[in-house]
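Atoms within a ligand are numbered from 1 in the order they appear, just like the ligands themselves.
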Amino acid sequence: MTEERFGFQAEVSRLLDIVAHSLYSEKEVFLRELVSNASDACDRLRYAALTQPGLLAEDTELGIRLLADGGAGTLTVADNGIGMSRDELIENLGTIARSGTAAFLERLSGDARKDVSLIGQFGVGFYSAFMVADRVEVLTRKAGEDQGWRWTSDGRGEFSVAEEAGVPRGTRVILHLKDDAKEYLEQQRLGAVIRRYSDHVALPIRFGEGADAPTLNRASALWTRPRAEIGEDEYKEFYHHVGHAFDAPWLTVHWRAEGKIEYTGLLFVPESKPFDLFDPRRRHHVKLYVRRVFITDEAEGLVPGYLRFLRGVVDSEDLPLNVSREMLQNNPLLAKIKAGVTRRVLGDLVKKAEDPAEAERFAAFWENFGAVLKEGLYEDFEHRDQLLKLVRFRSTASDALVSLAEYVARMKEGQDAIYYITGDDIEALRRSPQLEGFRAKGVEVLLLTDAVDEFWIPHVGSFDGKRFKSVTRGGADLSKVKAGPDAEKKPAETVPADALGGLVAFLKATLGGAVKDVRSSERLTDSAVCLVADEGDVDMHLARLLKQHQQLTETEPRVLEVNPGHSLIRRMAGMASEGATADPALADLAWLLLDQARIVEGETLPDPAAFSRRLSSLMEKGLAPLAA
Ligand code: ADP
Ligand code: MG
């Protein structure tokens, strides 16, 4: 019989190195990982057998067994689940395909102690077997196939695979225990570990062979038990199992829907951001069961994309057991379940959002998942009102997050709009010249930095009868707003109207098509100029985003706003009215003003050479009196 040797994928070798040579204090989690795999394997077989009953053959009682052999010093974790073909064996136990693994490995520091605690949070699945074993054998035969296989490795860079006769269906992981891990031969010790981590596993986990071998776990699906009977630890362990997660649930939602459609939901909101949150496929991770039988974790219509951070299970009483994954698409029952799940989860989130005692925890949730939830504001009209209760913002008023209701409650007298500014970076936004006039009048402006903000705001349009208005766009009229007590003083001098008119006309004539218009500004107090998009034009940040993604080649020219209270503008207006409009120096100033406004927006200049020539000439003039 031929034996083939293979090298582990480099990432696996690194992982194994850390696992095997570290003084990991919680070695016992290897059992959680192996039992979890065995339970998944049984779930998958049960699902496959719905359409191919022959796969179960005469071995119909799915389950997991722990077999201890004191003489050989081995512990075996055996299941009669789906098993693995040769190729699957090589692929699954030689590489890591799990999402987030790359990110995990990047975070490894090389310092064994620190890395070990990271492993504790991340979990290393099958490879954790090498924490307690110096040699691992896997005997497996895939359901429906005749040939069995033996996988062997000492966890040092290589493994071998060979044909094996007489392997029962499913998988047996045989651990040749290290000397310091012999405790895992004892029933009592194993029972304690199983109850701690795997009590919720819906299959019996037995100690020993035979029908009367004692069962170590409760073996009932956790979600079928009444809420009052389930401890926080049990929920947490189940969350780890079902969500492949290692943090704590931020929120647990466990309910039973009764009436026209019946189902049980046990869903978790994670405490930390899952690695694949912004994967473009936007896949959710909620498992669908039908009457306790696992169907799929890819039921597309089960959870809306903007709730894809949820983990857990939905168990339907009404869907047919032999429902195929394809049949699930566009299934009206599933659509109803989705509506119910959405309503329930959003309802619980609103409760958290509106509880003042939870403000800090809610802020943490929002930092993680706010950008994802906002997708619902333009995708899901039906739940928009609930979502609007959840949205939180940074703003110019304070460092704390603000809700729309809070914003509206502190609007100034005469203010009829909700003002916002969008950009990439919160600190850059805070320094935007367009905010100056709002700050001077004490008007709060929301600071938005998620790309998705550009899309939901125009969709939603208004809140509580107040329109959303961008401060980087025309039509944000501040003249009706009464300055509050916190307002700053207005500059005493401004340019007389006719002189300003002359300057504006000169700027328009000089800048020509580079600007859409030149206007006197109400938004500026300190800066001389700023750019805004004309009312009805694409807002400036969105235009930049679209350009970055090649969705837009030409941006429309912007409106240049000038600050009539700024001394530079006053002097330029003076020069213009004294007839200096033919002076090339004044034209240079006009272009420098525009370029400066572009720079403040973080844009690249269309003609940097001209900019630097004009600036140098101006600097030279500035030096002239010194040299004389
Ligand atoms: P994960 O469970 O997160 O996918 P693991 O390292 O625990 O990662 O397992 C890797 C893969 O090996 C599993 O996804 C599965 O395909 C396969 N596998 C592991 N144990 C078993 C088993 N007992 N039966 C069938 N397949 C298994
Ligand atoms: Mg696993």
Side-chain angles (χ1 to χ4, degrees), residues 6 8-9 11-16 18-20 29-49 55 59 62-67 75-105 119 121-133 136-145 148-153 155 159 161 164 167-175 197-198 201 203 205 237-246 274-276 285 287 294 296-298 311:
F6 300 88
F8 283 115
Q9 183 194 25
E11 284 87 345
V12 176
S13 289
R14 256 185 91 191
L15 210 55
L16 283 170
I18 298 163
V19 165
V29 300
F30 80 92
L31 198 55
R32 165 187 79 190
E33 298 292 335
L34 297 182
V35 163
S36 163
N37 287 347
S39 147
D40 287 350
C42 291
D43 274 351
R44 282 163 56 204
L45 176 58
R46 183 150 42 190
Y47 175 74
L55 290 178
D59 188 7
L62 296 175
I64 302 169
R65 289 178 190 269
L66 305 183
L67 313 169
L75 171 68
T76 299
V77 180
D79 67 68
N80 54 357
I82 191 90
M84 284 177 272
S85 67
R86 173 187 170 278
D87 290 350
E88 286 168 339
L89 193 54
I90 294 165
E91 172 72 22
N92 295 339
L93 305 188
T95 60
I96 317 180
R98 246 176 89 170
S99 68
T101 305
F104 164 74
L105 285 166
I119 291 170
Q121 293 162 34
F122 185 82
V124 288
F126 169 79
Y127 305 107
S128 60
F130 290 97
M131 293 197 293
V132 293
V136 176
E137 287 173 278
V138 179
L139 303 185
T140 188
R141 181 166 65 81
K142 186 160 181 161
E145 293 184 2
W149 301 92
R150 174 189 297 269
W151 178 103
T152 317
S153 179
F159 61 92
V161 173
E164 177 82 13
V167 182
R169 182 195 72 218
T171 302
R172 307 183 151 232
V173 179
I174 304 166
L175 307 168
Y197 299 106
S198 312
V201 171
L203 302 160
I205 304 168
E237 278 313 326
F238 181 69
Y239 163 64
H240 287 176
H241 168 73
V242 75
H244 283 283
F246 296 87
F275 293 104
D276 64 346
H285 297 271
K287 298 189 180 196
F294 171 74
T296 175
D297 44 15
E298 292 176 25
R311 300 290 187 265

Participant: Under 4.0 Å, counting heavy atoms only: does E33 come that close to any atom of ligand 1?
Facilitator: no

Participant: Check each atom of ligand 1 against the heavy atoms of G125 and keep those under 4.0 Å away; list them by number with element.
Facilitator: 5 (P), 6 (O), 7 (O)

Participant: Number the atoms of ligand 1 from 1 as they appear, then name those within less than 4.0 Å of a heavy atom of F126, with their elements.
Facilitator: 5 (P), 6 (O), 7 (O)

Participant: Give the contacting part of M84 toward ligand 1: side chain, backbone, both or neither, where contact means a heavy-atom distance below 4.0 Å.
Facilitator: side chain

Participant: Would you tell me which option among V138, N92, V35, I82 has the nearest heavy-atom contact to atom 17 (C) of ligand 1?
Facilitator: N92

Participant: Could you tell me whether the side chain of R169 and the main chain of D59 form a donor-acceptor pair under 3.5 Å?
Facilitator: yes

Participant: To check you understand the geometry: which heavy-atom pair defines the closest contact between Y127 and F8, and what is its length?
Facilitator: CE2-CE2, 4.3 Å

Participant: In chain order, what residues pass the ring pair (Phe, Tyr, Trp, His ring centres under 6.0 Å) check against Y197, with sequence neighbours excluded?
Facilitator: none

Participant: At less than 2.8 Å, would any N/O/S atom of S36, backbone or side chain, sit next to the Mg ion (ligand 2)?
Facilitator: no

Participant: Relative to the ring of F126, is the ring of F130 parallel (under 30°), tilted (30 to 60°) or perpendicular (over 60°)?
Facilitator: perpendicular

Participant: Minimum heavy-atom separation for D40 to H241, with atom names?
Facilitator: OD1-CE1, 4.2 Å

Participant: If the cut-off is 4.0 Å to any non-hydrogen atom of L93, which atoms of ligand 1 fall inside it?
Facilitator: 12 (O)

Participant: Looking only at distance, does D40 have an N or O less than 3.5 Å from an N or O of ligand 1?
Facilitator: no

Participant: Please say which of L34, V138, L89, L139 ends up in a side chain to side chain contact (heavy atoms under 4.5 Å, CB included) with T171.
Facilitator: V138

Participant: In ligand 1, which numbered atoms sit nearer than 4.0 Å to a non-hydrogen atom of H244?
Facilitator: 2 (O), 3 (O)

Participant: Parallel, tilted or perpendicular for F6 and F159, by the 30°/60° rule?
Facilitator: parallel

Participant: Does ligand 1 have a heavy atom under 4.0 Å from the side chain of D79, from its backbone, from both, or from neither?
Facilitator: side chain

